[in-house]
Protein chains: 2
Amino acid sequence: MRHSRQRDLILDLVRSRALNHPTAQDVHDAVRDHMPGVSLGTVYRNLHQLVEQGEIVAVQAEGPLHYDWNRQAHHHLHCSRCGALVDLPLELEDKVREKARHLGHSADIVDIHVRGTCSRCLNTST
Amino acid sequence: MRHSRQRDLILDLVRSRALNHPTAQDVHDAVRDHMPGVSLGTVYRNLHQLVEQGEIVAVQAEGPLHYDWNRQAHHHLHCSRCGALVDLPLELEDKVREKARHLGHSADIVDIHVRGTCSRCLNTST
DNA sequence: CTAATTGCAAACGTTTTGCAGCGTT
DNA sequence: AACGCTGCAAAACGTTTGCAATTAG
């Protein structure tokens, strides 16, 4: 894998605090602020590549994929009120893996997805 | 909600043992064996409706949505070898909900998704 | 009768891909 | 020089939708 200004920028942006679990579209928008010519195709290509290299992680919710700089974070709360994706440090992977093994399966990736309301929304509404 | 031959058939098929976590496409193929004229759009419309009525459940994996007659089953193992979706009775929802509450969130739906190898594949390979 | 449901086909949102040329090594 | 990467545009994919005709209550 060679270097490219585009990919470096994309990785920086996904890793930045500014973007919270961005979609490819979000990344594209942010990228264009710094390098106007970058195409959406390039963003998709590079996000995919960075996931393959293990530099970032793809997170599935309803709708488009989201990307996460945190390679450990596989658990998320998807807020029904504001739509945000919030990291969820659950530490239940071992329990899931163990139960899966008991059922005769072998577990590689454990991914817990919660639909609900995030703390921010719960607080601002009351 | 009125009755229609098409919807009744679709519900029967999703509930049948013959189809295992079928996608809309799978359901369409099966439907056409009994009623050749049914359109894919009708299958999508009815699956969506049946989910809204709580008759069946939609399951997200990579790729297209899958449908499950089992309204409780929110946990699945997605086999990397054969691609099958296998129900996973984990009974960890309460633990997840509790942890989410500790973090200040409120959890509605808990959905655990495991990537791995199913027991069937583990046994047939050895 | 009326309103839900259908088949069809077109459109949608997201993602992938083929290609000729450009950039990095 | 070699080959990976780019922008562009077209296509793939899963899904939804508008419409006029049909069907169930």
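Below, chain A is the first sequence line, B the second, and so on; all start at residue 1.
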Query raised in the report: In terms of side-chain heavy atoms of A:H48, which of C:dT14, C:dT16, C:dG7 is nearest?
Result: C:dT16
Requested in this report: Would you name the heavy atoms of B:C79 and B:T117 that are closest together and state the gap between them?
Outcome: SG-CA, 4.0 Å
Requested in this report: Calculate the interatomic distance between B:D29 atom CG and D:dG14 atom P; express it in whole Å.
Outcome: 12 Å
Report task. For a side-chain hydrogen bond (donor to acceptor under 3.5 Å, both in side chains) with A:D87, tell me which candidate from A:H75, A:H21, A:Q72 qualifies. Result -> A:H21
Query raised in the report: Applying the 4.5 Å side-chain criterion to the ILVMFWY set and letting contacts propagate, would B:L90 and A:V110 be lumped into a single cluster?
Result: yes
Query raised in the report: For B:P64 and B:G41, take the nucleotide of DNA chain D holding the closest heavy atom to each; which residue's nucleotide lies nearer the 5' end?
Result: B:P64
Requested in this report: Write down the distance between OH (A:Y44) and P (D:dG7), rounded to a whole number of angstrom.
Outcome: 15 Å
Query raised in the report: What closest approach, in Å, do A:A24 and A:V43 show between heavy atoms, and which atom pair accounts for it?
Result: O-CG1, 3.7 Å
**Report entry** ILVMFWY network linking B:V38 to B:I56, side-chain heavy atoms under 4.5 angstrom
**Finding:** yes
Report task. Compute the ring centroids of B:H66 and B:H76, then answer whether they are less than 6.0 Å apart. Result -> no
Report task. May I ask whether A:I109 and A:L103 are part of the same hydrophobic cluster, defined by side-chain heavy atoms of I, L, V, M, F, W, Y residues being less than 4.5 angstrom apart, directly or through others? Result -> no
Query - Rounded interatomic separation in angstrom, taking CG from B:L65 and P from D:dT16 - result: 8 Å
Query - Integer-rounded Å distance: D:dC5 C1' and A:L40 CG - result: 16 Å
Requested in this report: To the nearest Å, give me how far apart CD (B:Q6) and P (D:dT22) are.
Outcome: 14 Å
Query raised in the report: Taking atom P of C:dT15 as reference, at what distance in whole Å does atom CD of A:Q25 sit?
Result: 9 Å
Query raised in the report: Taking OP1 and OP2 of D:dG7, is either one under 4.0 Å from a side-chain nitrogen or oxygen of A:T42?
Result: yes
Report summary line: note: B:H28, atom NE2; D:dG14, atom P; distance rounded to Å ~ 14 Å
Requested in this report: Could you encode protein contacts along nucleotides 19-25 of chain C as a string, one character per nucleotide from 5' to 3', using B for base contact, S for sugar-phosphate-only contact and - for no contact, with a heavy-atom cut-off of under 4.0 Å?
Outcome: ----BBS
Query raised in the report: Rounded to whole angstrom units, what separation is found between the CE atom of B:M1 and the P atom of D:dG25?
Result: 12 Å
Query raised in the report: Looking for any heavy atom pair under 4.0 Å, which part of the strands does A:G63 touch: base, sugar-phosphate only, or nothing?
Result: nothing
Query raised in the report: So, is A:Q49 close to the D:dG4 phosphate, meaning a side-chain N or O under 4.0 Å from OP1 or OP2?
Result: no
